[in-house]
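The structure appears right after this line, and notes come after that.
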Amino acid sequence: MKYLKQFNIILFISFSGEILHTFIPLPIPASVYGLVILLSALCTGILKTEQVRETASFLIEIMPVMFIPAAAGLLDSWPALYPVFIPVALITIITTILVMAVTGQVTQHMLKLKLFRKNKQKKN
């Protein structure tokens with residue numbers, strides 16, 4: 001029953017994102033609205049991490065399965081993708097490396113900041 005409750009919370013937030021998408025005429029996907037709502041609720045304490053932890057972990061674990069239909073669709077679109085395969089592959093590789101590097105730098109910065117704050121609190 002706990003999983004059903006957590007899943008309903010996540011679905012409600014996703015549905016709220018869909019509603020915002022219909023009323024706000026910006027070229028932002030509804031899923032992004034939902035993610036922003038979820039992040040805001042978690043940061044403000046309206047929603048506690050424990051209220052969605054198990055279901056969120058499950059959804060993250062099965063995420064690779066969700067990419068199978070998209071990959072099959074790419075295989076069906078091979079004739080259209082063939083002429084632009086090399087540029088798309090290069091762009092994908094370069095941006096993946098760039099995102100990994102930036103994410104690593106931000107993570108290291110956040111860990112240093114957390115350590116700095118922890119040391120500062122010990123001194124006080």
Side-chain angles (χ1 to χ4, degrees):
M1 198 66 176
K2 173 175 66 171
Y3 291 105
L4 189 59
K5 181 180 178 186
Q6 292 181 6
F7 191 70
N8 281 333
I9 291 170
I10 293 172
L11 278 179
F12 175 75
I13 291 172
S14 296
F15 183 67
S16 300
E18 292 286 341
I19 291 172
L20 277 178
H21 180 67
T22 58
F23 289 117
I24 301 174
L26 294 174
I28 298 172
S31 58
V32 173
Y33 284 122
L35 287 172
V36 169
I37 293 169
L38 181 61
L39 177 65
S40 300
L42 288 169
C43 287
T44 59
I46 295 171
L47 184 65
K48 304 287 185 237
T49 307
E50 295 80 28
Q51 293 176 295
V52 292
R53 181 183 308 265
E54 289 86 7
T55 301
S57 295
F58 170 73
L59 291 172
I60 289 171
E61 287 175 13
I62 66 165
M63 190 185 323
V65 176
M66 303 303 174
F67 289 102
I68 292 173
L74 284 175
L75 291 175
D76 286 341
S77 303
W78 180 248
L81 291 174
Y82 180 73
V84 293
F85 176 74
I86 300 283
V88 169
L90 285 173
I91 290 169
T92 302
I93 291 168
I94 292 168
T95 56
T96 299
I97 292 170
L98 184 65
V99 166
M100 289 172 65
V102 169
T103 302
Q105 292 295 319
V106 169
T107 302
Q108 287 180 355
H109 178 72
M110 296 298 289
L111 289 173
K112 287 178 186 176
L113 185 64
K114 183 178 179 181
L115 183 63
F116 174 75
R117 288 182 179 169
K118 187 177 180 181
N119 289 336
K120 188 176 179 182
Q121 286 178 350
K122 283 184 180 179
K123 289 180 181 180
N124 292 335

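For clarity, every value in this text was computed on a predicted model and none was experimentally measured.
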- Item | Val36 side chain near Ile28 side chain, heavy-atom distance below 4.5 Å | no
- Message: Tell me whether the rings of His21 and Tyr33 are parallel (<30°), tilted (30 to 60°) or perpendicular (>60°).
- Response: tilted
- side chain to side chain contact (heavy atoms under 4.5 Å, CB included) evaluation trace for Ile62 with Phe58: CA-CA 6 Å; Ile62 66 165; Phe58 170 73; 3.8 Å; yes
Could you see if [X] belongs to whatever hydrophobic cluster contains [Y]? Use Ile, Leu, Val, Met, Phe, Trp, Tyr and a side-chain cutoff under 4.5 Å.
X	Y	result
Phe15	Val32	no
Ile46	Phe12	no
Leu26	Ile37	yes

- After noting the C-alpha distance and the side-chain angles of Ser16 and Leu20, does the key distance pass the side chain to side chain contact (heavy atoms under 4.5 Å, CB included) rule? CA-CA 6 Å; Ser16 300; Leu20 277 178; 5.9 Å; no
Rounded to the nearest 0.5 Å, what separates atom [atom1] in [X] from atom [atom2] in [Y]?
X	Y	atom1	atom2	value
Leu59	Met66	CG	CE	7.0 Å
Thr55	Ile60	OG1	CD1	11.0 Å
Ile13	Ser31	CD1	OG	13.5 Å
Leu38	Ser14	CG	OG	8.0 Å
Gln51	Leu42	CD	CG	9.0 Å
Leu111	Lys118	CG	NZ	11.5 Å

- Which pair of heavy atoms, one from Ala80 and one from Pro83, lies closest together, and at what distance? O-CD, 3.4 Å
- Item | For the student: nearest non-hydrogen atoms of Tyr3 and Glu54, plus distance | CE2-CB, 3.3 Å
- Task: Would you sort out whether Leu47 and Val52 count as a side chain to side chain contact (heavy atoms under 4.5 Å, CB included), showing the intermediate values?
- Result: CA-CA 8 Å; Leu47 184 65; Val52 292; 4.1 Å; yes
- Mark yes or no for whether Thr22, through its side chain, and Ile19, through its backbone, hold a donor-acceptor pair below 3.5 Å. yes
